[in-house]
Asker: 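Take a look at this one; I'll ask things after.
Quick note on labels: first sequence line is chain A, next is B, and so on, each numbered from 1.
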Number of protein chains: 2
Amino acid sequence: MTVSTEKTETPDIYRDLHQRLVTAAFTPGEKLKPEKLRALYGCSANTIRDVLLRLSTVGLVSFEEQRGFRAQETSPEKRHDVARFRILLEQEGASLSIRNGDLMWEAQLSAAHHKLSHIETTIAKKGELDAYLPLWSGAEREFHDTLISACGSPLLRATYRNIYDQFRQQMVAQERDFGSNYFQAIITEHQAILDAALDRDEPRCREAIFEHMKRNFI
Amino acid sequence: MTVSTEKTETPDIYRDLHQRLVTAAFTPGEKLKPEKLRALYGCSANTIRDVLLRLSTVGLVSFEEQRGFRAQETSPEKRHDVARFRILLEQEGASLSIRNGDLMWEAQLSAAHHKLSHIETTIAKKGELDAYLPLWSGAEREFHDTLISACGSPLLRATYRNIYDQFRQQMVAQERDFGSNYFQAIITEHQAILDAALDRDEPRCREAIFEHMKRNFI
DNA sequence: CTACAATAAAGTTTCAAAATTTTAAGAAAA
DNA sequence: TTTTCTTAAAATTTTGAAACTTTATTGTAG
């Protein structure tokens, strides 16, 4: 069901494992054995190895020479580190975008926020997070990525995306209480970020980003 | 000569290729064919593939599905991007280190600077950069890494190291004029960074870092 | 002469098995 | 009982060859 039967399977395996990792389908530190996963995707162990090697590249999987792969471990320190670093990158990226972004950027940001806001409102009402988690996670990622998309630095943006995924992995793994009031809160926070960005108010946007993330500190 | 004959060769292949890449033994964009490199290290093509996959994770090698590996391309935009991002990370890391660093940090920073300074002075006098490039590159990396080593963020530090290596790769590839006066200049700049750090003067240290890097802008 | 298709060559990815290393289990000694 | 050594099992890495893709070459039609 989750496995595509297309000719070139590797990208699908990558995407599927990536998705599983950021939605905590594996418990942190769990061993990822190519030989076991092989069966799941109907390919050889080496193909899995390739994919895991690439996922270790982006920090979702930890890899140690001669002792294989694991789903990235989590700890309060790690979560704190990821959150701090994410703030740094997003604040800087947002500042640059506010300076450089054109009308198209504003439009795309509005659009991304609209989608995100819709999904978050639905979850806040219905409360069925499990069903919406992949959808919401994707929309949130897109909103934050769009926010920094006009920063003019491909490197900053690529690094941010990696960190965002690590953040998601760490937070979902922590089994936070994603209750209804949690979503009420982040709806407000995302709105504040959007408003500050469209007002081209750098300090206020930085502050809004910090407010959005500070709950994840130790 | 460059190839170790130990039992477990993979780490050596990784280190050796890493070294070659940051010292521009490959021209930017040059194709890295496992089949060719295989002979060099006396192993199979897949082992090379593994190493290249990991090097692509740290940005030294570019990888495209179904069309293999290349030494990272270079361009004015890319160099500018790397330089800007490096400044961001180093300024932030240095600021945090200045706030958090203890006496041990000061001592290590002094030691790293002492070594670096010695090598740079030698090069400035003798001018034989080619012979000293790996030594100097390693010492400079260590100095900058030590500067941010007390920042308290493993993620920031690891990211900085990757960016430093990409920076080195980009700059050496550009065939800059590493003349004697170039080294005279950076000796002064490194001294300024050290002094500001030991004085615990964040703004001055940030400024010194910027001054050290601004020559690499477009 | 150019554009397009067919073919050949080169390069990349996948595979299953062999070689190596790590981890686990059990036996002997302190 | 605890520790250490030996042995067996499990897992990882490496290999060489097969399958597949891309790129280059050649030939044909417009």
Asker: For Asp12(A) and dT13(C), give me the distance from atom CG to atom C1', rounded to whole Å.
Answerer: 15 Å
Asker: Answer with yes or no after comparing the ring centroid distance for His190(B) and His113(B) against a 6.0 Å cut-off, counting only values under it.
Answerer: no
Asker: Counting distance only, does the side-chain N/O of Thr27(B) pair as donor-acceptor with the main-chain N or O of Glu30(B) below 3.5 Å?
Answerer: no
Asker: So among Val51(A), Val22(A), Leu32(A), Val61(A), which one has a side chain to side chain contact (heavy atoms under 4.5 Å, CB included) with Leu17(A)?
Answerer: Val51(A)
Asker: What integer distance in Å separates Leu53(B):CG from dT13(D):P?
Answerer: 13 Å
Asker: Of Ala45(A) and Phe69(B), whose nearest nucleotide on DNA chain C comes first from the 5' end?
Answerer: Phe69(B)
Asker: Mind calculating the distance between NZ (Lys33(A)) and P (dT23(C)) to the nearest angstrom?
Answerer: 11 Å
Asker: Looking at Asp12(A) and Arg15(A), does any basic side-chain N land under 4.0 Å from a carboxylate oxygen?
Answerer: yes
Asker: Does the side chain of Glu140(A) reach to within under 4.5 Å of the side chain of Arg168(A), using non-hydrogen atoms?
Answerer: yes
Asker: The side chain of Ser44(B) lies closest to which of these nucleotides: dA16(C), dG16(D), dT12(C)?
Answerer: dG16(D)
Asker: Is Lys31(A) near enough to dT12(D) that one of its side-chain N or O atoms lies under 4.0 angstrom from OP1 or OP2?
Answerer: yes
Asker: Side chain of Gln66(A) only, heavy atoms from C-beta on: which candidate in dT12(C), dT13(D), dT14(C) is closest?
Answerer: dT13(D)
Asker: Expressed in angstrom and rounded to an integer, what is the separation of Tyr41(A) atom OH from dT13(C) atom C1'?
Answerer: 18 Å
Asker: Write down the distance between CZ (Arg54(A)) and C1' (dT14(C)), rounded to a whole number of angstrom.
Answerer: 12 Å
Asker: Send over the distance from Glu35(A) CD to dA10(D) C1', rounded to a whole Å.
Answerer: 10 Å
Asker: Is any side-chain nitrogen or oxygen of Arg67(B) closer than 4.0 Å to OP1 or OP2 of dG11(C)?
Answerer: no
Asker: Is the distance from OP1 or OP2 of dT13(D) to the nearest side-chain N or O of Arg49(A) less than 4.0 Å?
Answerer: yes
Asker: I need the CZ-C1' distance between Phe63(B) and dT12(C), as an integer number of Å.
Answerer: 9 Å
Asker: Over how many whole Å does the gap from Asn46(A) atom CG to dT13(D) atom P extend?
Answerer: 10 Å
Asker: May I ask you to evaluate whether Thr47(B) reaches the phosphate of dT15(D), defined as a side-chain N or O under 4.0 Å from OP1 or OP2?
Answerer: yes
